[in-house]
Amino acid sequence: QQGVVYNGNDGGVYRSEQNGADGTWEHQPYQPWSQFFTLDVSPQDPLRVNGGVQDNGSLRTWGGAENEWNSYYGGDGVKNAINPKDKQNVFACSQYGACGRSDNGGDSMSDMTQTSARFGWLSPIEFQPGSADVMYWAGSEVNKSEDRGQTWTSISPDLGEGDAGREINPLYAAHYGTVQALGLNKKKPNVIYAGTDNGLLWKTKDGGANWTKLLSKSLPKRWVTHLEVKRNNPRVVYLTYSGYRQGDQSPYVLKSRDGGKTWKNITGNLPKAPVNDLLLVRKKLYLASDVGVFRSGVRGGKWLKVGSNLPLSPINDLRYVRKGRLLFAATFGHGIFKASI
């Protein structure tokens, strides 16, 4: 059609019917190549999904219409979360710890006050297992809230040890040396693990009063991507890394049975690609890598690919919902997929 032009960029695809004249561009509503950094799903309602999308803010789909999405927080959408016991209490972050909270499903958002010296591109927000009120938010320090994210208190020193990175551009500088993964459990909530982008691993056994650096020759100096703690046994911990920053494509999956004193490599036959997330579901492990989703028994080592029609795209985040036994996968390039497991 004469005069129709298209523009593809890092925000998606735009269309103009007037040769691209100013004010004539329309953002196309259906774009199945969305780049999700994270997602969350309400345990109360598996059709209630939100997620952070590269260059397109934080998106949500409520009310049982999985294919009807709308934006509720701006910037580069990164971390999103839903209170597991109150689906109206939601959280969304853009880059570098710019986060907001809501008590009405995101219809209105209140900005959260930063209490860390530095925040990474992604800022972990996690609820204490079993609680609707206690949660954690991490940057260079770990911060705790006991009122569903309304107020925050730092409970750690600088766990990145002041390593702000080498970037000198003021738009991007001082966002390194931050916590990227938190490991929580229900049985002993005062036991918390924290892993950083500069390869440090920490543990507190008293709710943050004292932190110990976990050291082992088994631990690579790589970006910690996830900590999975057994819900009723905080001595059992799974740990994943990504070497993408260093140009290292090796997968890293480790397991400790003694609270982080010793570690066993359970990477096994995983393909050579960074690992981004891991879930312990019943007696199975489900893992997200840059080349798909894999599962194994709790001992790891032997991994099988999950499903047959997942696009070849980096999988950044996984969520499991007991209602319907659904596993959700956030892809960086093909939107969100789900499967019954």
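Keep in mind that what you see is a predicted model, and the values were worked out from it rather than measured. Residue numbers count from 1 along this sequence.
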Should the ring pair Phe127 and Phe91 be called parallel, tilted or perpendicular, given that the plane angle runs from 0 to 90° and is split at 30 and 60?
-> perpendicular
Output a table of donor-acceptor pairs, distance under 3.5 Å, between side-chain atoms of residues 227-235 and any protein atom two or more places apart or on a different chain; print 'none' if there are none.
{"from": "Glu228", "atom 1": "OE1", "to": "His226", "atom 2": "NE2", "distance (Å)": "2.8"}
{"from": "Glu228", "atom 1": "OE2", "to": "Leu280", "atom 2": "N", "distance (Å)": "3.1"}
{"from": "Asn233", "atom 1": "OD1", "to": "Arg235", "atom 2": "N", "distance (Å)": "3.2"}

Linked hydrophobic residues, Tyr244 as query - side chain contacts closer than 4.5 Å | none
Atom of Ser58, atom of Asn80 and distance for their closest heavy-atom approach | OG-ND2, 2.9 Å
Does Asn56 reach the side chain of Ser34, with side-chain heavy atoms less than 4.5 Å apart?
-> no
Leu200: hydrophobic cluster co-members (side-chain, 4.5 Å) | Val134, Tyr136, Val142, Ile155, Leu159, Val179, Leu182, Leu184, Ile192, Trp202, Trp211
More than 12 heavy atoms of other groups within 6.0 Å of Asn70 CG = yes
Do Asp133 and Ser131 have a side chain donor and acceptor closer than 3.5 Å?
-> no
Do Asp76 and Gln54 meet the criterion of a side-chain donor-acceptor pair at a distance under 3.5 Å?
-> yes
Kindly indicate whether the side chain of Tyr96, heavy atoms from C-beta on, has any atom under 4.5 Å from the side chain of Leu171.
-> no
Locate the shortest heavy-atom distance separating Thr24 from Ser16; write the atom from each residue and the value.
-> OG1-OG, 2.7 Å
In terms of side-chain heavy atoms, does Thr178 have a donor or acceptor partner in Gln180 at a distance below 3.5 Å?
-> yes
Between the side chain of Asn143 and the main-chain N/O of Trp137, is any donor-acceptor distance below 3.5 Å?
-> yes
Can you list every pair that meets side chain to side chain donor-acceptor pair (under 3.5 Å) and has a residue in residues 291-303, with sequence neighbours left out?
-> none
Tell me, yes or no, whether the heavy-atom count around Ile168 atom CD1, taken from other residues, nucleotides or ligands under 6.0 Å, exceeds 12.
-> no
Pick out which of Asp290, Thr225, Val291 makes a side chain to side chain contact (heavy atoms under 4.5 Å, CB included) with Pro274.
-> Asp290
Do Phe36 and Asp317 pass the side chain to side chain contact (heavy atoms under 4.5 Å, CB included) test, and can you show the C-alpha distance, the side-chain angles, and the key distance before you say yes or no?
-> CA-CA 8 Å; Phe36 278 89; Asp317 203 16; over 6 Å; no
How about Arg282: does its CZ atom have over 12 heavy atoms from other parts shown lying under 6.0 Å from it?
-> yes
Taking every heavy atom of Ser102 against every heavy atom of Met109, the minimum-distance pair comes out as CB-SD, 3.5 Å
Tracing side-chain links under 4.5 Å among I, L, V, M, F, W and Y, which residues wind up in one group with Trp223?
-> Tyr176
With sequence neighbours excluded, residues passing ring-ring contact (aromatic ring centres under 6.0 Å, His included) with Phe332 = Phe37
Hey, is NZ on Lys221 packed in by over 12 heavy atoms from elsewhere, all under 6.0 Å?
-> yes
Got Val293 and Phe337 here, is their nearest side-chain heavy-atom distance under 4.5 Å?
-> no
Output field: ring centroids Trp263/Tyr252 closer than 6.0 Å | no
Other residues, nucleotides, ligands: >12 heavy atoms within 6.0 Å of Glu167 CD | yes
Distance-only polar pair, side chains of Asp111 and Tyr73, donor-acceptor under 3.5 Å = yes
Atom CG in Leu327, atom CG in Leu318: separation rounded to 0.5 Å?
-> 5.5 Å
Test side chain to side chain contact (heavy atoms under 4.5 Å, CB included) on Leu287 and Ser289 and set out the steps.
-> CA-CA 7 Å; Leu287 176 144; Ser289 88; 4.0 Å; yes
